[in-house]
Amino acid sequence: QVQLVESGGGLVQPGGSLRLSCAASGRIFSINAMRWYRQAPGKQRELVSTITSGGSTNYADSVKGRFTISRDNAKNTVYLQMNSLKPEDTAVYYCNADVTRSSFVTNNYWGQGTQVTVSS
């Protein structure tokens, strides 16, 4: 079984910063792409950023220049550094990953989500 556990959410003022972490655990052989999604109240879940196993990244237009995704393959962990936060960044942030287990079966997994609230 594979688990993704996010941490680092919270309440921050506009213009502030937060760093989210997502650690994968379980019988993992390798992790391919890792992603951050977010879902604001009353809205559909949207893809925020992706990082491949090789370190290539991409971002939603709404966060380009403000958010940075990174990963530590030795720790099976992905990070999202969020700077210059805006009220419209308020959402539950979810980690997502394509994980190949020790059985060499690849599945897509989700974390439980962490709340980010940007408000004065």
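Values below: every heavy atom of this structure, side chains too, minus hydrogens, waters and symmetry copies.
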Please tell me whether Leu20 and Val92 are part of a single hydrophobic cluster in this structure, the criterion being side-chain heavy atoms less than 4.5 Å apart.
no
Within this structure, what is the CD-OG distance for the pair Gln81 and Ser21, rounded to the nearest 0.5 Å?
9.5 Å
With sequence neighbours excluded, give me every side chain to side chain donor-acceptor pair (under 3.5 Å) pair touching residues 89-98.
Arg35-Asn96, Arg35-Asp98, Arg38-Asp89, Arg38-Tyr93, Arg66-Asp89, Asn96-Asn108, Asp98-Asn108
Taking atom CD as the centre, does Gln1 end up with more than 12 heavy-atom neighbours from other residues, nucleotides or ligands that are less than 6.0 angstrom away?
no
Distance from Asn32 atom CG to Thr100 atom OG1, nearest 0.5 Å?
4.5 Å
Salt bridge (charged side-chain N to carboxylate O under 4.0 Å, His left out): which pairs involve residues 49-63, sequence neighbours left out?
Asp61-Lys64
Of all heavy-atom pairs linking Val116 and Met82, the shortest is CG2-CE, 3.9 Å
Please list, one pair per line, the donor and acceptor atoms closer than 3.5 Å that link side chains of residues 5-16 to other protein atoms, with sequence neighbours excluded.
residue, atom, partner, partner atom, Å
Glu6, OE1, Gln112, N, 3.0
Glu6, OE1, Gln112, NE2, 3.3
Glu6, OE1, Gly113, N, 2.8
Glu6, OE2, Cys95, N, 2.7
Glu6, OE2, Gly113, N, 3.2

Nearest heavy atoms of Leu85 and Leu18, plus distance in Å
CD1-N, 3.8 Å
Hey, could you give me each pair passing ring pair (Phe, Tyr, Trp, His ring centres under 6.0 Å) that has a residue in residues 42-80? Not counting sequence neighbours.
none
Counting only heavy atoms from other residues, nucleotides and ligands, does the tally under 6.0 Å from CD of Gln115 exceed 12?
yes
Name the residue from Ser70, Ser49, Cys22 that meets the side chain to side chain contact (heavy atoms under 4.5 Å, CB included) definition with Val78.
Cys22
Candidate pair Ile28 and Asn76, rule side-chain contact (heavy atoms from CB on, under 4.5 Å), full reasoning:
CA-CA 9 Å; Ile28 296 170; Asn76 290 333; 3.9 Å; yes
Tell me every residue that passes side chain to side chain donor-acceptor pair (under 3.5 Å) with Thr68, counting only those two or more places apart in sequence or in another chain.
none
The complete set of ring pair (Phe, Tyr, Trp, His ring centres under 6.0 Å) pairs with one or both residues in residues 17-37, sequence neighbours excluded, reads Phe29-Phe104, Tyr37-Trp110
Is there a donor-acceptor contact under 3.5 Å linking the side chains of Ser17 and Asn83?
yes
Got a donor-acceptor contact below 3.5 angstrom from the Arg71 side chain to the Thr52 backbone?
yes
